[in-house]
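Read the structure below first, then the notes.
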2 protein chains.
Amino acid sequence: MNPTIKDVARLARTSKSTVSRYLNGQPVKKNTEEALKSAIKELDYHPNINARRLVQSRTQVVGIVADDISNNFYSGILRGIEKVTNAHRYHCVYYSGTSNHQSEIDFLDLVQEGQVDGLIFISFSKRSQELLERIRDITIPIVLVGDGEADQQILSVDVDNQYGIHELIHYLHRIGHEKVAFIAGPNDIAATEYRTKGYKNALEELGLEYKREWIVGSDWSKEGGYKAMKELLKFGGFTALVASNDETAIGALLCAHELGFRVPQDFSIVGFDDIEIARWIYPTLTTIRQPLYEMGEKAADGLINIMKNTDEVMKERVLIRPELIVRNSCKNLL
Amino acid sequence: MNPTIKDVARLARTSKSTVSRYLNGQPVKKNTEEALKSAIKELDYHPNINARRLVQSRTQVVGIVADDISNNFYSGILRGIEKVTNAHRYHCVYYSGTSNHQSEIDFLDLVQEGQVDGLIFISFSKRSQELLERIRDITIPIVLVGDGEADQQILSVDVDNQYGIHELIHYLHRIGHEKVAFIAGPNDIAATEYRTKGYKNALEELGLEYKREWIVGSDWSKEGGYKAMKELLKFGGFTALVASNDETAIGALLCAHELGFRVPQDFSIVGFDDIEIARWIYPTLTTIRQPLYEMGEKAADGLINIMKNTDEVMKERVLIRPELIVRNSCKNLL
DNA sequence: CTGAAAGCGCTAACAT
DNA sequence: ATGTTAGCGCTTTCAG
């Protein structure tokens, strides 16, 4: 059996309460402190965190649930979260949706079971109405990163997808492009809708030509981008291509190269995300940088507020504007 | 306040013990079961896991500590672990070394504090003697993935780095290469030593020429590979290059291309790891595939054994042999 | 199959 | 500054 607070008390010739107080940073007399210190060391005492959590009914940990915890893409988000939570003396514990249970719904229990004080769910998939309703019903401290709904009383943080595409197309327009094709994303990804809408809206805003054949779907993989490009080239006629993520942009690039086209001389191509390799391919890719770190910060900030304030906290959908990164994959037509 | 087992008992007109038994799958009479079920539903009762853990002094969770939890490279390892742990009804909880605390040493407490029943540490950095000694001293259930020591009484799992390089060089030799250069890795990575040793040993075994100028260091990044290749080309004279990871292989490839060389016509290049992009670059990269899933399985298997058996378990260093993946980056000289 | 009672290790009044 | 006491919510004998 592990040593307990009681063993420490006995060895240090004092009481449990004093030990407890010492452990929690409250003042004790100099010589009892000495005794305590050496007793703890001698016994190799470690406080039982379950007992503490039972009586305090809080854990000082926030649970982070990601659909795939080792998704490199989330790295920036996690760092943003950690920075904020650590500043408030919370620890982070991670749960991977790909393991343990199945869907995010199953992790809702973590708070009610007393495992964590609050939750951050990270995923870019669309979230079910069922999950959203459950969250609204049980009123536990939670914030969503990725999909969410504006009118539900849930705090959610996401990149402003529509704005990002908007930036891309305005940039292309500024350098003289009038005919812009688009590779859309998968239907189960929340961003797909917003990015596609962003494309259509920007076209309309700028009075650019819209052709049904200039939009083609993809699964957001390199293969998908490759195939999409092949499809688009059957019709042709565009001078620029907006791929709705960098992976498909890379696939499209490869396809163009293989078919003997040169980028950006023959086509301009832009992506979305600014994944690490975007600056390593040839030509380096003009794209939109995801504000991952800020998203993490905002999410954690929001969660801390919800956990601390018993009174009303703004539960809204926060969209963070991403940044245009100009590299060498576009040709100036002017 | 959350409802407790007591509330459920009262509502179902029975005792705490019966509720507890029901919750833990022990037999209860049909009609008490009904009453319990509806009481639990009505109260939205969730068992307090801290109370349970306090009394049972086990958690049924294994903690996984990774130096960078969102490192895509670990994904396969994590899936291997999850498969095994879930089969034994353990849950996985992840801790990221980049956050919360600093080094792996700080996470050793998790077991003694009762947060987890066992630990798996994942990292490819060299591990300090201090950590290894602490682990040996405190006898908690733990297994290491990555660096470890053969003679310490600690179970550790790693890829057989030396064997991997050996495979690569024997392959090159089989297709006629006699002059083989090498890009080494960073000093703080445990594998660097073994891969470099593998290079030297294989050369010796096959009676191939060894030149000090044909080994150059790198930080394992693409930039590092690029620079290393540039360095190597100052001396030249080799027909094949073994990059000790895929990233540097890609950097070296880029460098060769930029200087007007063609791969594999002018040089053969091989990597190590088989990262996702290895099959996407031009030419597709011949490399060694890390047995990540198996490593995860072995690690979890070992941990489960340690946790279950009070008696002696084999604490050894397990090296898993990786597989050669032949693609198009090597020229057959015969 | 069920209930009463003890106790897991800790914190938090309360009293001194 | 310290000791005494009660109790957090659960499991687990032990009786019945």
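First the proteins, then the strands, lettered A, B, ... as listed; each starts at 1. Computed from a predicted model, the values in this text were never measured in an experiment.
- Taking atom CG on A/L54 and atom P on C/dG7, their separation rounds to 17 Å, with Å as the unit.
- Atom CD1 of A/I5 is separated from atom C1' of C/dC8 by 13 Å (rounded to the nearest Å).
- On a pure distance criterion of 3.5 Å, a polar donor-acceptor pair joins the side chain of A/S17 and the base of D/dT4.
- Contacts of A/N24 with the nucleic acid, taken as non-hydrogen atoms under 4.0 Å apart, involve only primed sugar atoms and P, OP1 or OP2.
- Inspection of the B/T59 and B/R53 side chains reveals no N or O donor paired with an N or O acceptor under 3.5 Å.
- With hydrogens and angles ignored, no donor-acceptor pair under 3.5 angstrom links the side chain of A/T18 to the base of D/dA1.
- Atom-to-atom, CD1 of A/I49 to C1' of C/dC8 comes out at 16 Å; the value is rounded to the nearest Å.
- Per the geometry, CZ belonging to B/R21 stands 11 Å off P belonging to D/dT12, to the nearest Å.
- Rounded to whole Å, atom C1' of D/dC10 lies 10 Å from atom CG of B/L23.
- Counting any heavy atom pair closer than 4.0 Å across all strands shown, A/S57 reaches no nucleic acid atom.
- A distance-only check finds no donor-acceptor pair linking the side chain of B/N24 to the backbone of B/R21 [under 3.5 Å].
- Under the 30°/60° scheme for interplanar angles, the aromatic rings of A/F124 and A/Y74 are found to be tilted.
- Between A/T32 and D/dT2, a side-chain N or O to OP1/OP2 separation shorter than 4.0 Å is present.
- As judged by a 4.0 angstrom heavy-atom cut-off over every strand, B/T4 is placed among residues touching the sugar-phosphate backbone only.
- Under the 4.0 Å criterion applied to side-chain N and carboxylate O atoms, B/E33 and B/K37 are assigned as salt-bridge partners.
- Counting to the nearest Å, the P atom of C/dC10 and the CZ atom of A/R10 are 13 Å from each other.
- Side-chain N or O atoms of B/R136 include none that pairs as donor or acceptor with a backbone N or O of B/Q153 at under 3.5 Å.
- To the nearest angstrom, C1' of D/dT12 lies 13 Å from CZ of B/R52.
- A/L36 has its CG atom 9 Å from the P atom of D/dT2, to the nearest Å.
- With hydrogens and angles ignored, no donor-acceptor pair closer than 3.5 Å exists between the side chain of B/R53 and the base of C/dG9.
- Residue order along DNA chain C, read from the 5' end via each residue's closest nucleotide, puts B/S15 first among A/Q26 and B/S15.
- Across all strands, B/Y45 comes closer than 4.0 Å only to sugar-phosphate atoms, never to a base (heavy-atom distances).
- In this structure, A/V55 and B/T14 both approach DNA chain C, and ranking their closest nucleotides by distance from the 5' end singles out B/T14.
- For the pair A/Q56 and C/dA12, the criterion of a side-chain N or O lying under 4.0 Å from OP1 or OP2 is met.
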